[in-house]
Structures are given as C-alpha cells and as structure tokens.
Amino acid sequence: MATIRHEFYETDESLTLSIFDRGADPTQVNVNFEDRRYGQLSYTHGEKSLVLEPLKGQINPSNSSYTVGKVKIEVRLAKAIPGRWGGLIGDSPDPLANTASSSSNNTTRRVQPKKNWEGITTEILGGEKEKTTEEDPNVGGDSTLNSFFQKIYGDADEDTKRAMMKSYSESGGTTLSTNWDEVKKERVSVKPPQGSEWKKWN
C-alpha cells in the first residue's frame, strides 16, 4: 500500500490533520479513531493507507471527526488532555504526569497579575496632545481641508473668487487657482492626478 502525504496543526484542545488524497470518494474513505494508551489513527482509501500509531497523546474518539473534500481529507482529533503535543506520533510522557504539570502551570498563571489594557490605552491616548492645524496641516482630514478652502475663499477679493470658481468648474474639480490674470485668458484644462485618467460622463 502507498503512503499518503499529510501535515497537521494543533491547538491545546485539538489537532487537525490534513491528508492529501485528491478526488477521494467519501463512500470509500475509512477513518478509524482508537483510544488505547496513546491512541491510534488509521485512514484507508482503496490502495492508499495511512496508519499513525502511537499518537503523541491520548484522543477522545467520540469527539473526533473527519470531512472529505475535493483535495484533502481533514481529520480533527479531540485531545483527551489539553496541551501541545509538539509532534504527531511518538512516545509521550505519562498522561497523569502531564495533568499534574499542566495544573501547576494553571495555578502559576492565576497568580500572575493581568494587564489592565483599558488603563494602558487611556494612559497612551491621554498622554498624546492633539495637534492643531498650525502644527500639522493634515490633522482633521477633509473637514480641515474644506475649512481651509472656505477661509481662502472668504478672505479673497473678487478676482481671486472668480479665478477659484472658473478654474474649479472648468477643470472638473482637478485644478484650483487663485490667479485671475492666468485663468481669464483661456479655458482651464483638466489635470487628473498622476496615474488617473479623465473620463467625461454624459
């Protein structure tokens, strides 16, 4: 029988095994979960097979499952004892020893103080002084830009206002000029931003 390519990833609660068998017929696929001292997994599909024993840790066969896809079979192994295996097969320490060590780790974790993320965020945001538009012209985004143009237009003389209106409307919003002597001579051409193309909509 030919062996099949496979890979896995794990969390503390489960291990997901991907068996790459393209076009596997779900009616002919057979996956067996066995809970012995360390567990066993066997997969067969026609002439192809994959037997993994002993698994690195104990599994819970009743909570383990598999799905057959077009490219791979995904097997989800429920771990009997939470924790990382670090591998798929091989000898594992005594599960009771794992339980004792993991419970001592949990006790240690409970003793450690938790981070107060809300306090840290408030401290960082409170420490930053808001910049004014004089310090950084980009503060405020579009609303600041619009108020800037309104201030220019409001403080301008009639020729500047005429130049701004003519240049903006004739260029389709791509040019804004305050020089009436330049704008009054001819039609203001459309100048789209670099990398853009102007299209006239009817």
Side-chain angles (χ1 to χ4, degrees), residues 5-24 65-79 82-87 102 105-202:
R5 184 173 77 91
H6 59 280
E7 58 187 40
F8 75 96
Y9 63 92
E10 67 176 323
T11 64
D12 286 339
E13 292 78 29
S14 67
L15 182 139
T16 303
L17 173 69
S18 297
I19 302 171
F20 296 94
D21 190 2
R22 184 180 293 274
S65 62
Y66 70 94
T67 55
V68 179
K70 292 181 180 180
V71 177
K72 65 181 179 179
I73 290 78
E74 195 164 273
V75 181
R76 186 182 174 281
L77 301 173
K79 295 180 179 179
R84 298 289 175 140
W85 292 357
S102 68
N105 287 343
N106 288 341
T107 306
T108 307
R109 285 189 198 130
R110 287 187 197 121
V111 174
Q112 294 174 349
K114 292 188 175 186
K115 290 241 185 235
N116 181 2
W117 294 109
E118 284 296 319
I120 293 171
T121 305
T122 306
E123 182 182 320
I124 290 171
L125 294 176
E128 291 181 4
K129 183 184 139 201
E130 278 196 37
K131 294 182 178 179
T132 62
T133 54
E134 286 78 29
E135 293 173 340
D136 184 1
N138 295 324
V139 171
D142 288 344
S143 62
T144 305
L145 186 64
N146 286 337
S147 65
F148 172 72
F149 286 133
Q150 288 172 357
K151 184 175 186 245
I152 290 175
Y153 188 82
D155 295 342
D157 61 10
E158 288 303 312
D159 284 345
T160 304
K161 288 180 180 179
R162 239 181 281 145
M164 290 176 76
M165 293 300 289
K166 184 176 187 293
S167 63
Y168 189 80
S169 61
E170 288 182 355
S171 70
T174 60
T175 303
L176 183 64
S177 176
T178 57
N179 187 351
W180 176 246
D181 293 332
E182 182 183 299
V183 172
K184 71 178 180 183
K185 296 177 186 173
E186 59 187 32
R187 182 169 176 80
V188 178
S189 61
V190 175
K191 296 177 185 168
Q194 186 176 2
S196 299
E197 180 181 327
W198 172 259
K199 290 187 177 183
K200 188 172 182 177
W201 298 97
N202 295 335

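Computed over heavy atoms, backbone and side chain alike; hydrogens, waters and symmetry mates excluded.
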Residues Ser177 and Val183: closest non-hydrogen pair is OG-CG2, 3.5 Å
- [ ] Measure the shortest side-chain to side-chain distance between Lys72 and Asp21 over non-hydrogen atoms and say whether it is less than 4.5 angstrom.
- [x] no
Nearest heavy-atom contact between Thr11 and Lys79 is O-NZ, 2.8 Å
When every non-hydrogen atom of Thr16 is compared with those of Glu74, the smallest separation belongs to CG2-CG, 3.5 Å
*Within a radius of less than 6.0 Å around CZ of Phe20, do more than 12 heavy atoms belonging to other residues, nucleotides or ligands occur?*
yes
Closest non-hydrogen atoms of Arg187 and Glu170, given as atom of the first, atom of the second and distance, are CA-OE1, 3.4 Å
Output for pair (Trp180 CH2, Lys166 NZ), nearest 0.5 Å, gives 6.0 Å
**Asked** Do Met164 and Ile152 touch side chain to side chain, with heavy atoms closer than 4.5 Å?
**Response** yes
Taken to the nearest 0.5 Å, the spacing of Asp181 CG from Asp159 CG works out to 7.0 Å
Exactly one of Ile19, Leu15, Thr67 clears side-chain contact (heavy atoms from CB on, under 4.5 Å) with Val75, and that residue is Ile19
| query | Should we say atom CZ of Phe8 is surrounded by more than 12 heavy atoms from elsewhere, each under 6.0 Å from it? | reply | yes
On a heavy-atom basis, the closest approach of Asn179 and Ala163 is C-CB, 3.8 Å
Taking every heavy atom of Glu10 against every heavy atom of Trp85, the minimum-distance pair comes out as OE1-N, 2.9 Å
